[in-house]
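The next block holds one structure in the form of structure tokens; read it before the comments.
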Amino acid sequence: MGNKFSILDGKQLNIDQIEGRFAAFAKVPYAVTLRLSRPIAEDGYGTITVNGVKIPKGTQFLMDMMVKMHCLMVPVGSVAREYGKEYTMRLTGFKGEDGKPFPNTVLKFKTMERPQRDHAYDSHDEVAIWAAREGMVLLQNENEVLPLREDAVLNCFGSAQFCFRNTATGAGLINPRWQANFHQSIEEHSSFKVNREISDLYVQLRDVVPSDAVLRRAKELSDTALILLSRHSGEFSDNRPVKGGYYLTDDERAMIRAVSKAFSKTVAILNTGYPIEMGWVKEFGIDAVLYTGFAGMGAGYALMEILDGRTNPSGKLPDTWSYDYYDNPSAYNFINLPADHKQVGEKDFGVHLFYQEDIYVGYRYFDTFNKPAAYGFGHGKSYTSFDISFREPVNGIEHITVEAAVCNTGSRPGKEVLQLYIQPPEGTIEKPKRVLTAFEKTALLAPGESRKLTLIAPKKAFASFCEQTGAFVLEAGEYRIWAGNSLENSRIIGSFTLNETRVLAKTNRINLPVEPFKRLTRSDPTVEEASKIVPLEERIQKPAPRPVYAPTALPVYKGKKITFDKLKANPALLDNFVAQMRTDELCRLNVCGGADWYMPWQTGAAGKTNVIRKYRMPKMMVSDGNTGLNLKKRNIGFPSSCTVAASFNKELAYSIGKVIAEESREHRIGMNLGPAMNIHRNILNGRHPEYFSEDPYLGGIMAGYHGKGLEENGCGCTYKHLFCNGSDTSRKASQSIVSERALREIYFKVFEFAVDVHKPSAVMTSYNGVNGIYPAENADILQTLLREEWGLDSMIMTDWGTYDTVDPVEMVKAGNCWLTEGGGKYVRILQKAVKEGKLSRAVLEHNVRQLVKTVLKWDS
Ligand code: BGC
């Protein structure tokens, strides 16, 4: 085969999808992916033009999934901008690694027609727009520059106006039925006019500084400037503390400086997947800052409504926004790759991450150590004002209850969020200053309208974990109760005193660190840079002992064949149904039947159960994720979960789950691979937008309602990724080294709160190891914690391809019921292990029993 290029990703380019699922490789607005017959030589990169315009250099990579392919992503985004148009790409002067030239090639690709709204789905789409409206956070609004007049002329600065992002990538990617980008939203959903002279400067996606004359003319049209900044974020790669990542680029700074000098009113719109540096807001005297996050298919419409005041912002920050990245203690123990470090794969090297900040994650650090932050946890402004009063808290046995009244004292309708924090006493165990223990949001209150709300704080939400005794305790002393509409705006509304220490729950001692490491404390609030990259073979620094799971075999079944229909009619036959199977059949069911995302004709589902025809077992299909269905067919597109968390609205989280369930059923998806709810330990985690919060209570409660919404409306849910999946750099070979207390109070806790709201049908283990063993192969986690302590009767699955770095037999032995994404190879590995006496039939039976139970509920 000679050298050649061919178009890989279909001939219809989705120009609404700024970045596709594998965007981490591209880092550009949408790209056409070419398949290469051979890799291009390092000095062999030629010239690419689209309709005669030169295209910047693309990214070459090896797609190493089920089939290996050399690919080149060609960033055509700045040229191929029109819907339904054919473009011609010319490639000249390329040379392969084998020294042979690629022939000059002409390829045609077509952009898609713009999808139109399908009114049959209006009620679903309304939930998406609702989520976008409530998830955006008004960080500041000096001199009330927002809202703008509804017929204002918009002077829009920044390339982000032409690559306005509404989705994360990877498992958090949406493929919505319709959406409107920034400029379409202005046209379709506002009476604003656009100053084209300014906007046209940014079509080429460069953050240029307009000339003085252009700025002068713009100022005559309106004295307000909108500055748009955007940052991609998604699965597969972490963000970096570099210019263009966490920090502003030189071009952005120059543009902001010039604009803030020229205009008397400035509004910054942060369309970023994660918090970015914030010092520039003060430096350049920006008046208003609005954080849109990735707000899904309704993002543009919601943004217009907030800008012109039809919607009053009510979002609150689910994370602390520091001034600088290095204000966060976890910054020193994350792998902060430099800008020029090439994209890393999933297992290029081992990573040791020391969680030295310990329990002081997010606001627990800033609040306890009085570290100033640009915008604190729970903060978010409104266009109206509220008067909030709290009654004396009632101290029950398991809960603190507080009645509150909220009155809208301003002139616009609005919603307010009440937050309850508890400050535990100083005791023998040191504690964070305050922790969130309850929150509620009002309905829309008209000016002058009042509403009563009840806040109920479970005591377990503020118990401390004692490492001496392995118990959650409430230490003796005074507990102060703080309440308000943000952490910062809270005030003490009461207190209660415990005369003696109360043990709330004893736990099993599991997954403890196997090596000593420094931990940040009140008396020594410093960290050392200990995290490091190591050779792949050293990914587990010091292995933890491997716990054993030894269930008893099911009673032998010698009766008549039981088919799935019979089982469905009589679920009491479950044990016999499983016991009748041959061991090789059990092995087959313990492995996933592969993903349907490689071939153009496949649906894009992430996996399906293997079926065994003789029992007439149906297939159960699964698909990602938190924001909709990650399928090739267009469907609902919700905001990323971090934006949903900012709504602080449990009813909304439930409704999101409900809509995803309804659409899943339409697409014959039995189980959703979400919600993902890992803690925002470090703001540069690539999956930051996909996860909810830095706070386990907020994250767990919102995720729990999302899961409940899914399962009460016909679709299974999967809590993922257990545990500590807090970074994506070489994620399959990354190990989190974390104290028992931080696991119990933060990293396990978020899942525990979600389980308290709703018990999921499935859980997914994480790629990373924790304390010298991978959770996927840790029977202490899978059996003792999940089943015994939390009472979960769920199916446990691995994350996709965990077996790349973890022994598949060990995962099954620990009770992992589904090796994903699977394939015949893994069935054979299990069969061999049975033959060699390394894997018992009893374990396979118990795993398959869980799986069959799940299929019974959610078969597609
Ligand atoms: C992600 C999971 C996802 C799975 C299937 C993995 O890469 O980590 O969150 O559910 O793929 O798509």
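Order of listing sets the numbers, starting from 1, for every ligand and every atom in it. Everything numeric here is computed off the predicted structure, so don't read it as measured data.
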By number and element, which atoms of ligand 1 are closer than 4.0 Å to a non-hydrogen atom of Arg731?
-> 7 (O), 8 (O)
Is a side-chain N or O of Glu235 found less than 3.5 angstrom from the main chain of Ala171, in a donor-acceptor match?
-> yes
Pull out every atom of ligand 1 sitting under 4.0 Å from any heavy atom of Asp799, numbered as shown with elements.
-> 1 (C), 2 (C), 3 (C), 4 (C), 6 (C), 8 (O), 11 (O)
The answer for which part of Arg687 has a heavy atom under 4.0 Å from ligand 1 is side chain
Is the shortest distance from a Lys or Arg side-chain nitrogen in Lys813 or Glu777 to a carboxylate oxygen in the other one below 4.0 Å?
-> no
Atoms in ligand 1 with a heavy atom of Ala606 nearer than 4.0 Å = 5 (C), 12 (O)
Does NZ or CZ of Arg177 come closer than 6.0 Å to the centre of the six-membered ring of Tyr121, within 45° of the ring's axis?
-> yes
Contact atoms of ligand 1, heavy-atom distance to Met764 under 4.0 Å = 10 (O)
At a 4.0 Å threshold, what atoms of ligand 1 neighbour a non-hydrogen atom of His721?
-> 2 (C), 8 (O), 9 (O)
Within residues 693-713 or reaching into it, pairs that qualify as salt bridge (charged side-chain N to carboxylate O under 4.0 Å, His left out) - sequence neighbours excluded | Arg364-Asp695, Lys708-Glu712
ring-ring contact (aromatic ring centres under 6.0 Å, His included) between Tyr355 and Tyr747: does it pass, once the steps are laid out?
-> CA-CA 11 Å; Tyr355 285 35; Tyr747 298 99; 5.2 Å; yes
Measure the distances from the heavy atoms of Glu821 to every atom of ligand 1 and state whether one is below 4.0 angstrom.
-> no
Where does Phe236 meet ligand 1, judged by heavy-atom distances below 4.0 Å: at the side chain, the backbone, both, or neither?
-> neither
Just say parallel, tilted or perpendicular for the rings of Tyr325 and Tyr246, cut-offs at 30° and 60°.
-> tilted
Counting both backbone and side chain atoms, is some N or O of Trp597 under 3.5 Å from an N or O of ligand 1?
-> no
Identify which of Leu673, Thr802, Asn725, Asp624 has a heavy atom lying nearest to atom 3 (C) of ligand 1.
-> Asp624
Looking at Phe349, is Lys347 sitting on its ring face, NZ or CZ under 6.0 Å from the six-membered ring centre and within 45 degrees of the normal?
-> no
